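The structure displayed is predicted, hence computed values, not measured ones. In what follows, chains carry the letters A, B, and so on, assigned in the order in which the sequence lines appear, proteins first and then strands, with residues in each chain numbered from 1.
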Amino acid sequence: MTRRSAPSANEDPLDAEWKRSFRRRLLAWYAKHARDLPWRRSRDPYRVWVSEVMLQQTQVETVRPYFERFMAAFPNVAALAEADEQAVLRLWEGLGYYRRARSLHAAAKQVVADHAGQIPGDVATLLTLAGVGRYTAGAIVSIAYDRPAPILEANTIRLLTRLIAYNGEPTSTAGQKRLWAVAEELLPAKGCSTFNQALMELGALVCTPAAPRCETCPAETLCRARAEGTVERLAPTTKKLKFTDAREAAVVVRKGAMVLLRQCGPDERWAGLWDFPRFAIDAEGPLFAKDELRDKVRGQTGVACDPGALITTIKHGVTRFRITLECYEATYKSGRLNGATKWVRPADLTELPLSATGRKLAKLLQFTTKERRNKG
DNA sequence: AATACGGGGAC
DNA sequence: GTCCCAGTATT
């Protein structure tokens with residue numbers, strides 16, 4: 001185990017002149033290097049809020065097109081509050097973490113009902129909104145309202161950890177506490193909107209996880225880790241997770257031109273989204289799975305079917321699972337649908353919000369068996 | 001303090 | 001393949 005120097009050295013108040021210098025250099029750098037991002041074109045609190053929620057654990061380039069579409073469909077908080085949740089989820093499809101979309105929609109209703117349609121401008125009130133945590137609240141207060149509120153997220157955790165050469169675990173409770181304090185201490189009295197965005201931008205473009213561009217960093221001579229030569233030896237700012245393999249089956253039950261879909265319940269993964277009947281399977285391979293498929297489709301939908309050929313196998317990762325999804329054909333035999341289940345024409349699947357694998361399978365259904373084979 | 005929650009980009 | 005991403009809520 002490597003001996004680290006005493007953490008107490010990291011707890012010292014930051015030098016006032018050092019802080020001024022850091023702020024000045026950071027802002028000068030940002031003035032030159034800020035990216036043109038759609039959510040930076042105005043400080044409308046609604047736009048900032050939507051962008052911040054979309055950006056939670058999601059990369060900027062991934063969010064960009066989603067943000068544009070979402071704002072076109074729901075240009076203000078009233079429009080979002082009045083929207084149908086299915087429409088909101090459909091626009092969120094592919095972005096992941098669908099609870100964000102449901103929370104955002106619920107919070108929009110909260111804002112209309114409890115705050116006269118005005119997005120709150122203080123952290124404490126923002127924290128009462130669904131899906132708004134300490135980071136997002138701080139981001140809205142600082143970026144949209146240009147008022148002092150610290151932020152701490154992936155980019156700035158890494159940046160600040162290096163800047164002060166934090167020698168504990170940045171992901172620990174103590175580490176987070178310290179880094180939030182640093183974020184607050186660095187915050188200028190004025191210009192918090194630009195400052196916080198600049199902090200994140202520097203983390204995203206220069207103070208990167210791998211191969212940070214220290215030679216071009218405006219804070220190079222102020223950075224304690226750079227001075228110590230520990231930039232790439234500090235404790236990681238993210239936790240790694242181990243994957244578990246899982247085998248699942250999805251079943252395309254056909255009844256004439258229709259296929260069977262079910263809506264995921266509020267307490268399961270993909271809550272609110274639709275998917276083909278889908279479940280974990282124990283049996284090995286198509287020849288042995290039929291009885292199990294029949295039983296589980298019936299249990300999940302109330303419908304009896306006759307399972308047939310394997311259509312395709314889809315591999316994908318979701319949260320901590322590495323899933324191998326076997327997709328089977330089946331024909332309807334009998335039985336009535338239970339609650340959240342319905343028959344849908346394949347062409348109409350475009351209107352439903354589906355999981356990524358559900359969408360992949362839905363797209364395949366547009367083709368004949370022979371065309372699918374040719375696609376490999 | 002640990003875990004659940006998605007999907008895709010970058011290497 | 002692995003790592004990571006403008007986190008939040010729940011247990």
Side-chain angles (χ1 to χ4, degrees), chain A residues 34-35 37-40 47-67 89 92-104 106-107 126-140 142-144 149-160 169 171-177 179-180 183 193 196-205 207-212 236-245 264 266-273 275 314-323 325 353-360:
Chain A
R35 289 169 291 183
L37 302 175
W39 44 90
R40 286 187 178 155
R47 289 173 64 88
V48 172
W49 179 26
V50 171
S51 71
E52 290 304 339
V53 174
M54 285 190 170
L55 286 160
Q56 289 167 10
Q57 293 291 283
T58 311
Q59 297 182 168
V60 163
E61 290 311 317
T62 304
V63 167
R64 199 191 280 264
Y66 282 89
F67 179 79
L89 283 172
W92 208 274
E93 185 190 299
L95 204 51
Y97 287 125
Y98 299 99
R99 186 170 57 192
R100 290 183 297 176
R102 288 155 57 84
S103 297
L104 181 62
L126 284 165
L127 286 174
T128 67
L129 299 179
V132 176
R134 191 173 177 187
Y135 163 74
T136 303
I140 294 170
S142 61
I143 296 174
I151 56 163
L152 190 68
E153 44 66 72
N155 293 303
T156 55
I157 290 171
R158 190 173 56 247
L159 174 67
L160 299 182
E169 293 291 332
T171 55
S172 70
T173 303
Q176 293 289 299
K177 184 169 187 288
L179 294 171
W180 272 105
S193 179
N196 276 346
Q197 292 182 77
L199 222 42
M200 292 191 281
E201 196 79 334
L202 187 62
L205 300 182
C207 199
T208 49
T237 55
T238 58
K239 296 176 181 171
K240 46 179 66 68
L241 49 92
K242 50 240 167 254
F243 283 98
T244 306
D245 289 320
C264 303
D267 295 326
E268 49 183 332
R269 194 174 297 155
W270 297 300
L273 276 70
D275 206 346
I314 298 172
K315 288 181 184 293
H316 72 120
V318 52
T319 65
R320 65 187 189 83
F321 297 100
R322 273 281 178 222
I323 298 176
L325 180 66
L354 302 181
S355 67
T357 47
R359 182 60 64 198
K360 216 173 277 186

Answer with base, sugar-phosphate or nothing: what part of the nucleic acid does A:Ala154 contact at a heavy-atom distance below 4.0 Å? sugar-phosphate

Distance in angstrom units between A:Ile157 CD1 and C:dC5 P, rounded: 8 Å

Is any side-chain N or O of A:Thr238 closer than 4.0 Å to OP1 or OP2 of C:dC4? yes

Check every strand shown and say whether A:Ser51 touches a base, only sugar-phosphate, or nothing at a heavy-atom separation below 4.0 Å. nothing

Take the protein atom CG of A:Leu55 and the nucleotide atom C1' of B:dG9, then report the distance between them rounded to whole Å. 14 Å

Using a heavy-atom cut-off of under 4.0 Å over every strand shown, decide if A:Arg40 touches base, sugar-phosphate, or nothing. base

Quick one: A:Phe243 CZ to C:dC4 P, roughly how many Å, whole number? 12 Å

For C:dC5, take OP1 and OP2 only and decide whether either is under 4.0 Å from a side-chain N or O of A:Arg158. yes

Sticking with atom P, work out how far C:dT8 lies from B:dG8, rounded to a whole angstrom. 22 Å

A:Tyr98 side-chain N/O to B:dG7 phosphate OP1/OP2 under 4.0 Å: yes

Applying a 4.0 Å non-hydrogen cut-off, can you work out what A:Arg359 is touching in the nucleic acid: base, sugar-phosphate, or nothing? nothing

Would you say the side-chain atoms of A:Glu52 and A:Tyr135 include a donor-acceptor pair closer than 3.5 Å? yes

Classify A:Ser355 by what it touches in the nucleic acid, base, sugar-phosphate, or nothing, heavy-atom distance under 4.0 Å. sugar-phosphate

Side-chain donor/acceptor of A:Thr58 to base of B:dG6, under 3.5 Å: yes

Need one value for A:Val53: base, sugar-phosphate or nothing, where a base atom within 4.0 Å counts as base even if backbone is also close, heavy atoms only. nothing

Which comes earlier along DNA chain C counting from the 5' end, the contact point of A:Leu129 or that of A:Arg35, where each point is its nearest nucleotide? A:Arg35

Backbone N/O of A:Pro38 and side chain of A:Arg64: donor-acceptor pair under 3.5 Å: no

Listed nucleotide nearest any side-chain atom of A:Val318, set C:dA6, B:dG7, C:dT2: B:dG7

I want to check one thing: is the phosphate of C:dG7, taken as OP1 and OP2, less than 4.0 Å away from some side-chain N or O of A:Gln57? yes

With no hydrogens and no angle check, is any side-chain donor or acceptor of A:Glu201 less than 3.5 Å from a backbone partner on A:Ala34? no

Indicate, with a heavy-atom threshold strictly under 4.0 Å, whether A:Gln59 touches base, sugar-phosphate, or nothing. base

Can you tell me if A:Arg320 touches the phosphate of B:dA4, counting only side-chain N or O atoms and a distance under 4.0 Å to OP1 or OP2? yes

Report the residue from A:Leu55, A:Leu37, A:Val50, A:Leu95 that forms a side chain to side chain contact (heavy atoms under 4.5 Å, CB included) with A:Phe67. A:Val50

How is A:Ala210 classified with respect to the nucleic acid when contacts are heavy atoms under 4.0 Å: base, sugar-phosphate, or nothing? nothing

Would you classify A:Leu37 as touching base, sugar-phosphate or nothing, given that sugar-phosphate means primed atoms plus P, OP1 and OP2, and contacts are heavy atoms under 4.0 Å? base

Can you say whether a donor on the side chain of A:Arg99 sits under 3.5 Å from an acceptor on the base of C:dT8, or the other way round? yes

Given that A:Asp267 and A:Tyr66 both sit by DNA chain B, which one's nearest nucleotide is further toward the 5' end? A:Asp267

After noting the C-alpha distance and the side-chain angles of A:Gln176 and A:Thr173, does the key distance pass the side-chain hydrogen bond (donor to acceptor under 3.5 Å, both in side chains) rule? CA-CA 5 Å; A:Gln176 293 289 299; A:Thr173 303; over 6 Å; no

Starting from P on B:dA1, measure out to CD on A:Glu169 and report it in whole angstrom. 12 Å

When all nucleic acid strands are considered with a 4.0 Å heavy-atom cut-off, which category describes A:Leu241: base, sugar-phosphate, or nothing? nothing

Considering just the side-chain nitrogens and oxygens of A:Trp270, establish if one lies under 4.0 Å of OP1 or OP2 belonging to B:dG7. yes

Non-hydrogen side-chain atoms of A:Leu104 and A:Trp49 separated by less than 4.5 Å: yes

To the nearest 0.5 Å, how far apart are CZ in A:Arg100 and OG1 in A:Thr136? 10.0 Å

Whole angstroms only, please: what is the CD-C1' distance between A:Gln176 and B:dA2? 14 Å

Touch class at under 4.0 angstrom, heavy-atom based, for A:Trp39 against every strand present: base

Rounded to whole Å, CG of A:Leu95 lies from C1' of B:dG9 at a distance of 13 Å

Position toward the 5' end of DNA chain B (nearest nucleotide), A:Phe321 or A:Lys239: A:Lys239

Using distance alone, with no hydrogens and no angle criterion, decide if A:Arg158 and A:Thr237 have a side-chain donor and acceptor under 3.5 Å apart. no

Could you give the distance separating B:dT3 and C:dA6 at their C1' atoms, to the nearest angstrom? 22 Å

Roughly, in whole Å, what's the span from CD in A:Glu153 to C1' in C:dC4? 13 Å

Heavy atoms only, 4.0 Å cut-off, all strands: where does A:Val63 land among base, sugar-phosphate and nothing? nothing

Tell me: CD of A:Gln56 to P of B:dA4, nearest whole Å? 19 Å

